[in-house]
Number of protein chains: 2
Amino acid sequence: MATEPIALDRRQRRRQETIEEVLDIAVEIMTEHGVGGLSLGEVARRMGIRPPSLYVYFPSKEALYDALFARGAREIADVLTEGTRRLLDELEPGRSLADVMLDAARTFVRWTMEHPAYTQLLYWRPVPGYEPSPEAFAPAVAMVETSRDRFAELQRRGLIRADASIDDLQRDWAVILTGVVTRQLANAPHEKFEEGRFTSGLTDLVTMFARHYESDQSTPTRGSRRARQR
Amino acid sequence: MATEPIALDRRQRRRQETIEEVLDIAVEIMTEHGVGGLSLGEVARRMGIRPPSLYVYFPSKEALYDALFARGAREIADVLTEGTRRLLDELEPGRSLADVMLDAARTFVRWTMEHPAYTQLLYWRPVPGYEPSPEAFAPAVAMVETSRDRFAELQRRGLIRADASIDDLQRDWAVILTGVVTRQLANAPHEKFEEGRFTSGLTDLVTMFARHYESDQSTPTRGSRRARQR
DNA sequence: GTCTATATGACGATAGAC
DNA sequence: GTCTATCGTCATATAGAC
């Protein structure tokens with residue numbers, strides 16, 4: 001009887017491992033065939049089991065999509081939260097707003113190019129009838145709040161004009177990044193981040209954006225002028 | 001025998017009418033259930049025929065998607081080509097670049113909000129395995145070329161800096177409009193153009209964009225300063 | 001608890017009668 | 001041109017072996 005809780009832990013761990021395997025394979029399939037191309041039969045086939053067995057772990061295909069949404073949202077939130085935290089911690093004085101924002105933009109867009117399946121699921125609406133549950137969406141909401149804190153910190157440090165609306169800035173920031181990612185993934189999905197015809201335009205766009213919001217006292221460096229070299 | 005060509009015309013006209021009806025109903029269904037939610041069975045049901053009968057007009061579901069893509073690309077190209085032609089013809093001297101670009105941006109984004117099904121099909125990749133054929137894509141290519149001519153004309157007239165790269169401008173322009181449309185459609189598809197939380201930001205974004213590209217001699221009006229209200 | 005076996009109904013697609 | 005009949009595949013559900 002003393003071994004019961006341990007056996008339970010083992011079972012739960014085993015169960016969690018299977019769930020992770022399902023998610024990994026689902027991402028593989030979505031990467032190959034698009035988010036809408038995911039099929040439970042194909043997942044089962046690649047795992048060497050029968051389709052009904054999947055229902056032990058996920059009550060429906062929607063639930064699988066929801067777990068994938070949550071996983072993707074958590075991953076990009078972690079990458080960005082960690083990346084921008086370091087960026088702010090190690091920020092040297094005199095660094096231009098454009099440089100800082102460009103760093104964050106590259107981190108985000110690079111991730112989306114490396115994870116096109118998650119990106120489609122998170123930022124388009126590829127599955128008819130599926131909407132993320134509040135729980136799956138939670139990491140995305142948290143990421144927006146973190147992002148808001150980061151921009152507010154930049155404003156406090158004087159890199160962003162004091163009179164700028166952080167809400168507007170954040171909305172327009174999301175629009176620009178979404179535009180780059182959407183165009184690249186829709187028009188030339190096989191180009192990598194470094195060579196993408198739209199991802200390459202990040203520098204110009206972000207520089208323009210940063211110039212619009214930067215304080216006048218912030219020293220313009222090479223970075224913040226990059227878009228003007230013509 | 002003299003009536004044969006007329007009978008043929010009649011048949012062909014009737015056939016074309018049926019094809020148009022299929023496309024209309026397909027758009028209806030895609031608007032209700034998303035682009036991926038289109039089903040031939042549902043089209044047949046609403047037309048009062050059996051699914052196999054659709055194969056007389058379209059050899060596959062892909063062919064139907066291709067006809068829809070071509071139709072959407074033609075419609076938005078017509079709207080924009082006509083709209084920007086009038087805009088340039090009636091352009092008063094002294095009008096700011098921001099005003100002109102805002103007008104074009106509104107025309108485009110308004111159309112996408114009124115035609116979300118076409119927009120998803122044209123600017124996302126909602127259908128696994130489907131890529132538009134070169135023929136279906138042709139109107140989109142022509143639209144890009146027209147757009148290029150319009151920007152070149154603005155540059156010739158002195159509203160856009162002489163040293164600006166039209167290719168870069170056009171790429172970034174597409175990115176910004178795509179970003180606004182994608183965010184609005186993915187995050188709040190039921191908000192109309194006038195009230196959309198992202199479409200409302202068009203003014204700020206386009207003004208910022210225009211300021212970046214406008215010639216210094218172009219007289220700044222209220223419009224071009226809107227985003228800078230301090 | 002976890003699996004296999006089996007069934008249902010919708011889908012895209014094809015063959016062939018009329 | 002439209003139909004019926006049919007096929008293979010899909011998501012989904014349930015019964016029951018182990």
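All chains are named by letter (A, B, ...) in the order of the sequence lines, taking the proteins before the strands, and each is independently numbered beginning at 1.
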Looking at B:Asp24 and B:Arg71, is any side-chain nitrogen of the basic one under 4.0 Å from a carboxylate oxygen of the acidic one?
yes

Note to self: Tell me if a side-chain donor or acceptor on B:Thr146 pairs with a main-chain N or O of B:Ala142 at a distance below 3.5 Å.
What the structure shows: yes

Residue pairs passing the salt bridge (Lys or Arg N to Asp or Glu O under 4.0 Å) test with at least one member in residues 110-131 of chain B, sequence neighbours excluded, are B:Arg110-B:Glu194, B:Arg125-B:Glu131

With the side chain defined as heavy atoms from C-beta on, B:Val56 is closest, among D:dT2, C:dC11, C:dC3, to D:dT2

With a cut-off of less than 4.0 Å, is there a side-chain N or O of A:Ser39 near OP1 or OP2 of D:dA11? yes

Dump the intermediate steps for salt bridge (Lys or Arg N to Asp or Glu O under 4.0 Å) on B:Arg45 and B:Glu42, then the final yes or no. CA-CA 5 Å; B:Arg45 206 168 296 124; B:Glu42 184 62 24; 2.4 Å; yes

Within residues 21-30 of chain A, the residues having a heavy atom closer than 4.0 Å to DNA chain C are none

### Task
Pick base, sugar-phosphate or nothing for A:Arg45, based on heavy-atom distances below 4.0 Å to the nucleic acid.
sugar-phosphate

Residues passing the ring pair (Phe, Tyr, Trp, His ring centres under 6.0 Å) test with A:Phe198, sequence neighbours excluded, are none

When rounded to whole Å, the CZ to C1' distance for the pair A:Arg14 and C:dT2 reads 10 Å

Per-nucleotide protein contact along nucleotides 12-18 of chain D, 5' to 3', at a 4.0 Å heavy-atom cut-off (B base, S sugar-phosphate only, - neither), is BBB----

Q | C:dT2 OP1/OP2 closer than 4.0 Å to side-chain N/O of A:Arg50 | A | no

**Sugar-phosphate only, base, or nothing, as touched by A:Tyr57 at under 4.0 Å among non-hydrogen atoms** = sugar-phosphate

Please determine if a side-chain N or O atom of B:Arg15 lies less than 4.0 Å away from the OP1 or OP2 oxygen of D:dG1. yes

Classify A:Ser53 by what it touches in the nucleic acid, base, sugar-phosphate, or nothing, heavy-atom distance under 4.0 Å.
base

Contacts satisfying side chain to side chain donor-acceptor pair (under 3.5 Å) that involve residues 49-64 of chain A (not counting sequence neighbours) are none

Taking every heavy atom of A:Ala98 against every heavy atom of A:Thr207, the minimum-distance pair comes out as CB-CA, 4.3 Å

Hits for ring pair (Phe, Tyr, Trp, His ring centres under 6.0 Å) against A:Tyr118, two or more places apart or cross-chain, chain-then-number order -> none

note: B:Glu42, atom CD; C:dC11, atom P; distance rounded to Å ~ 7 Å

A:Leu64 atom CG is separated from D:dA11 atom C1', nearest whole Å, by 12 Å

- Using a heavy-atom cut-off of under 4.0 Å over every strand shown, decide if A:Leu54 touches base, sugar-phosphate, or nothing. nothing

When the ring planes of B:Phe108 and B:Tyr123 are compared, do they come out parallel, tilted or perpendicular, using 30° and 60° as the limits?
perpendicular

